[in-house]
Visitor: 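I am attaching a structure below and will ask some questions about it afterwards.
Both backbone and side-chain heavy atoms feed into the values below; hydrogens, waters and symmetry mates do not.
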Amino acid sequence: MSDDPASGDDPASGDDPAHGDDPGPDDDSENPNEEVQYHIEVGPDDVADAVLLPGNPERVDKITALWDDHEERAFHREYRTATGTYDGEPLSVTSTGIGSPSAAIAVEELARVGADTFIRVGSCGAIQPEMAVGDLVITSGAVRQEGTSDEYVREDYPAAADHEVVAALVAAAERLGYDYHVGITMSADSFYAGQGRPGFKGFEAAGSDTLVDELREANVKNIEMEAAAILTIANVYGLRAGAVCTVYANRVTGEFRTEGESRAAECASLAAALLARMDEVKREAGVDRWHAGLSLE
């Protein structure tokens, strides 16, 4: 083969008439390190350091309606992203779709473009009898019943919420006057069988008849589908994450209503703003972690 590029003998050459301007297979391949991310279609200039993570793309409008301003940056598949400000602080929101696999993709790609703080904003089923529909549940840690986090780390690795995020969510709920509970969440991989509900034609998965009772006796507060993976992945990568959900159903009392949907969104938005101020106080004090000796004005 000639070394002369004008010879036309190199089939990979862009000058080959047989190829024209069509990209070769390598040019069209998936590259997770591209600046614009493959699934969520955002780049480094599109998102703030802190990102709220609802499941439903329709919740993006309900979240940004609470903000000072916002602009939609991308909408691809289940991933809808907007960036703006809340209480003067930069903030983004990206919907993740349902379940841990798609939520993990969102965290992965948002981290690649510079996000370092994640707050899941969702709905859940409560499993303690004193928890009312419309209450908030702030996750301190999660039972990893989903399978996504198992692909990152050993099964006995804890899904722990960052203590700064938990503190900011509690402070936000207190300032807003919302009833809230703090504790352990269980994240499942299915809405029906994995949460102890009957499936099609009354199908019951093994152990589903005792699942909720066993979790309640262990003082687990609620069930949802994304928190455990988000918390685990964030910890693996040294990022901050937490979760706040509005109770839509109480599995013990049988109560169900889609009430208080905006409460989790408002709590998470205010918490993100408080975290930004906490970070500023830490910088001024010359410390790396928030502690009880520091205070916000």
Visitor: Donor-acceptor pair, E41 side chain versus V36 backbone, under 3.5 Å?
Guide: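 Between the backbone of V36 and the side chain of E41 there is no qualifying donor-acceptor contact (under 3.5 Å).
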Visitor: Identify the heavy atoms of A229 and T148 that sit nearest to each other, and give their distance.
Guide: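 Nearest heavy atoms, A229 then T148: CB-CB, 4.3 Å.
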Visitor: Could you identify which residues cluster with I98, counting Ile, Leu, Val, Met, Phe, Trp and Tyr as linked when any side-chain heavy atoms lie under 4.5 Å apart, either directly or through a chain of such contacts?
Guide: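 Traced through the cluster, I98 reaches F191, Y192, M225.
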Visitor: Short question: side chain of D179, backbone of D135 - any donor-acceptor pair under 3.5 Å?
Guide: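 Between the backbone of D135 and the side chain of D179 there is no qualifying donor-acceptor contact (under 3.5 Å).
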Visitor: Considering the options V244, L169, V170, T246, which one meets the side chain to side chain contact (heavy atoms under 4.5 Å, CB included) requirement together with Y180?
Guide: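 The residue from V244, L169, V170, T246 that satisfies side chain to side chain contact (heavy atoms under 4.5 Å, CB included) with Y180 turns out to be V170.
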Visitor: Could you report the tightest heavy-atom contact between A188 and G194, atom names first, then the distance?
Guide: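 Minimum heavy-atom contact is CB-O, 3.7 Å.
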Visitor: Provide the full list of side chain to side chain donor-acceptor pair (under 3.5 Å) pairs with a residue in residues 93-104, sequence neighbours left out, each pair given once.
Guide: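 Passing the test, one end in residues 93-104: T81-T94.
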Visitor: Going by side chain to side chain donor-acceptor pair (under 3.5 Å), name the pairs with one or both residues in residues 156-167, residues two or more places apart or in two chains.
Guide: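 Applying side chain to side chain donor-acceptor pair (under 3.5 Å) to every pair that reaches into residues 156-167, excluding sequence neighbours, yields R154-D156, D162-R289, H163-R289, E164-R240, E164-K282.
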Visitor: Less than 4.0 angstrom from a charged side-chain N to a carboxylate O is my criterion; do D87 and R277 meet it?
Guide: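 So D87 pairs with R277 through a salt bridge.
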Visitor: Honestly curious: do V166 and L270 fall in one hydrophobic cluster under the side-chain, below-4.5 Å linking rule?
Guide: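 Yes; tracing contacts between hydrophobic side chains, which count when under 4.5 Å, links both residues.
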Visitor: What are the two closest non-hydrogen atoms of W67 and T83, and how far apart are they?
Guide: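 Result for this residue pair: CZ3-C, 4.1 Å.
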Visitor: Identify whether the distance between the nearest side-chain nitrogen and carboxylate oxygen of E155 and R144 falls below 4.0 Å.
Guide: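 Salt bridge between E155 and R144, a charged N being under 4.0 Å from a carboxylate O: no.
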Visitor: Should R263 and E266 count as an ion pair when the cut-off is N to O under 4.0 Å?
Guide: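 Here R263 does not pair with E266 in a salt bridge, since their nearest N and O are not under 4.0 Å apart.
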Visitor: Could you check K62 against S262 for side-chain contact (heavy atoms from CB on, under 4.5 Å), going step by step and ending with a plain yes or no?
Guide: CA-CA 7 Å; K62 296 175 182 179; S262 66; over 6 Å; no
Visitor: Ignoring hydrogens and geometry, is there a side-chain-to-backbone donor-acceptor pair from H76 to I40 under 3.5 Å?
Guide: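 Not at all, since once roles are kept as given, no pair shorter than 3.5 Å links the two residues.
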Visitor: What verdict does the side-chain contact (heavy atoms from CB on, under 4.5 Å) test give for H70 and Y86, after you've listed the backbone C-alpha separation in whole Å, the side-chain angles of each residue and the deciding distance to 0.1 Å?
Guide: CA-CA 9 Å; H70 72 279; Y86 178 88; over 6 Å; no
Visitor: Could you go step by step and tell me if S149 and E146 meet the side-chain hydrogen bond (donor to acceptor under 3.5 Å, both in side chains) rule?
Guide: CA-CA 7 Å; S149 62; E146 43 70 47; 2.6 Å; yes
Visitor: Can you find a heavy atom in the side chain of T117 that is under 4.5 Å from one in the side chain of D49?
Guide: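 They are not in side-chain contact.
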Visitor: Mind checking whether S187 and Q145 have side chains closer than 4.5 Å, heavy atoms only?
Guide: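 No. Closest side-chain heavy atoms not under 4.5 Å.
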Visitor: Tell me the closest heavy-atom pair linking A74 and V42, and the distance in Å.
Guide: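 Shortest heavy-atom separation between A74 and V42 comes out as CB-CG1, 3.6 Å.
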Visitor: Ignoring hydrogens and angles, tell me if any N or O in the side chain of E226 forms a donor-acceptor pair with the backbone of R120 under 3.5 Å.
Guide: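 No, the answer is negative, given that no donor and acceptor are paired below the 3.5 Å cut-off.
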Visitor: Considering only heavy atoms from C-beta outward, does the side chain of N235 approach that of V153 to under 4.5 Å?
Guide: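 Result no, sub-4.5 Å side-chain heavy-atom pair not found.
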Visitor: Can a donor-acceptor pair be found, under 3.5 Å and without considering hydrogens, that links the side chain of S92 to the backbone of A48?
Guide: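 Flag set: sc S92 to bb A48 pair under 3.5 Å.
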Visitor: Quick one: do T85 and D69 satisfy side-chain hydrogen bond (donor to acceptor under 3.5 Å, both in side chains)? Show the steps, please.
Guide: CA-CA 6 Å; T85 60; D69 54 73; 2.8 Å; yes
Visitor: Please assess T139 against E224 for the test side-chain contact (heavy atoms from CB on, under 4.5 Å), listing each intermediate value before the final yes or no.
Guide: CA-CA 11 Å; T139 298; E224 52 80 79; over 6 Å; no
Visitor: Looking at side-chain heavy atoms only, is the closest gap between W290 and L296 below 4.5 Å?
Guide: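 Side-chain contact under 4.5 Å: yes.
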Visitor: How long is the span from the CD atom in E72 to the CG atom in D46, to the nearest 0.5 Å?
Guide: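 Reported value, rounded in 0.5 Å steps: 11.0 Å.
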Visitor: Counting only heavy atoms not in E58 (residues, nucleotides, ligands), do more than 12 fall under 6.0 Å from its CD?
Guide: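 Counting neighbours around CD of E58, 12 or fewer heavy atoms of other residues, nucleotides or ligands fall under 6.0 Å, so no.
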Visitor: Any side-chain heavy atom of R216 within less than 4.5 Å of one from R251?
Guide: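 A side-chain contact is absent here, since even the closest heavy-atom pair is not under 4.5 Å.
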Visitor: So if you build clusters from Ile, Leu, Val, Met, Phe, Trp, Tyr with side-chain heavy-atom gaps below 4.5 Å, do V247 and V182 land together?
Guide: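 Different clusters: V247 never reaches V182 through Ile, Leu, Val, Met, Phe, Trp or Tyr contacts under 4.5 Å.
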Visitor: According to a 4.5 Å side-chain heavy-atom criterion applied to Ile, Leu, Val, Met, Phe, Trp and Tyr, with indirect links allowed, do I138 and V165 form part of one hydrophobic cluster?
Guide: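 I138 clusters together with V165.
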Visitor: If a pair satisfies side chain to side chain donor-acceptor pair (under 3.5 Å) and one of its residues is in residues 123-132, list it, with sequence neighbours excluded.
Guide: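 Side chain to side chain donor-acceptor pair (under 3.5 Å) check on residues 123-132 returns R59-S123.
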Visitor: Tell me, with the steps shown, if E109 and R112 meet salt bridge (charged side-chain N to carboxylate O under 4.0 Å, His left out).
Guide: CA-CA 5 Å; E109 297 189 1; R112 284 176 163 88; over 6 Å; no
Visitor: Applying salt bridge (Lys or Arg N to Asp or Glu O under 4.0 Å), name anything that partners D209, two or more places apart in sequence or on another chain.
Guide: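 If we apply the salt bridge (Lys or Arg N to Asp or Glu O under 4.0 Å) test to D209, skipping adjacent residues, there are no hits.
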Visitor: Can you tell me how far the OG1 atom of T185 sits from the CG atom of N222, to the nearest 0.5 Å?
Guide: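 Going from the OG1 atom of T185 to the CG atom of N222 covers 3.5 Å.
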Visitor: Taking CD in E151 as the centre, count heavy atoms belonging to other residues, nucleotides or ligands within less than 6.0 Å. Is the count above 12?
Guide: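 Open.
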Visitor: Heavy atoms only: give me the nearest R80-D61 pair and the separation to one decimal.
Guide: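 Where R80 meets D61 most closely, the heavy atoms are NH2-OD1, 2.9 Å.
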Visitor: Share the residues that join V143 in a hydrophobic cluster, the rule being Ile, Leu, Val, Met, Phe, Trp or Tyr side chains under 4.5 Å apart at the heavy-atom level.
Guide: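 Besides V143, the cluster holds I127, I184, M186, L211, V212, L215, V220, I223.
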Visitor: State, to 0.1 Å, how close V60 and P54 come at their nearest heavy-atom pair, and which atoms those are.
Guide: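 Looks like CG2-CG, 4.5 Å.
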Visitor: With clusters defined by side-chain heavy atoms of hydrophobic residues (ILVMFWY) lying less than 4.5 Å apart, directly or transitively, does L52 cluster with V47?
Guide: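 Different clusters: V47 never reaches L52 through Ile, Leu, Val, Met, Phe, Trp or Tyr contacts under 4.5 Å.
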Visitor: Applying side-chain contact (heavy atoms from CB on, under 4.5 Å) to L53 and L110, what does each step give before you reach the verdict?
Guide: CA-CA 11 Å; L53 301 175; L110 288 164; 3.8 Å; yes
Visitor: Is a side-chain donor or acceptor of N250 paired with a backbone partner of M131 at a separation under 3.5 angstrom?
Guide: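 Checking the backbone N and O of M131 against the side chain of N250, a donor-acceptor pair under 3.5 Å is found.
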Visitor: Would a hydrophobic clustering, with Ile, Leu, Val, Met, Phe, Trp and Tyr connected at side-chain separations under 4.5 Å, put L91 with M278?
Guide: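 Same cluster: L91 reaches M278 through Ile, Leu, Val, Met, Phe, Trp or Tyr contacts under 4.5 Å.
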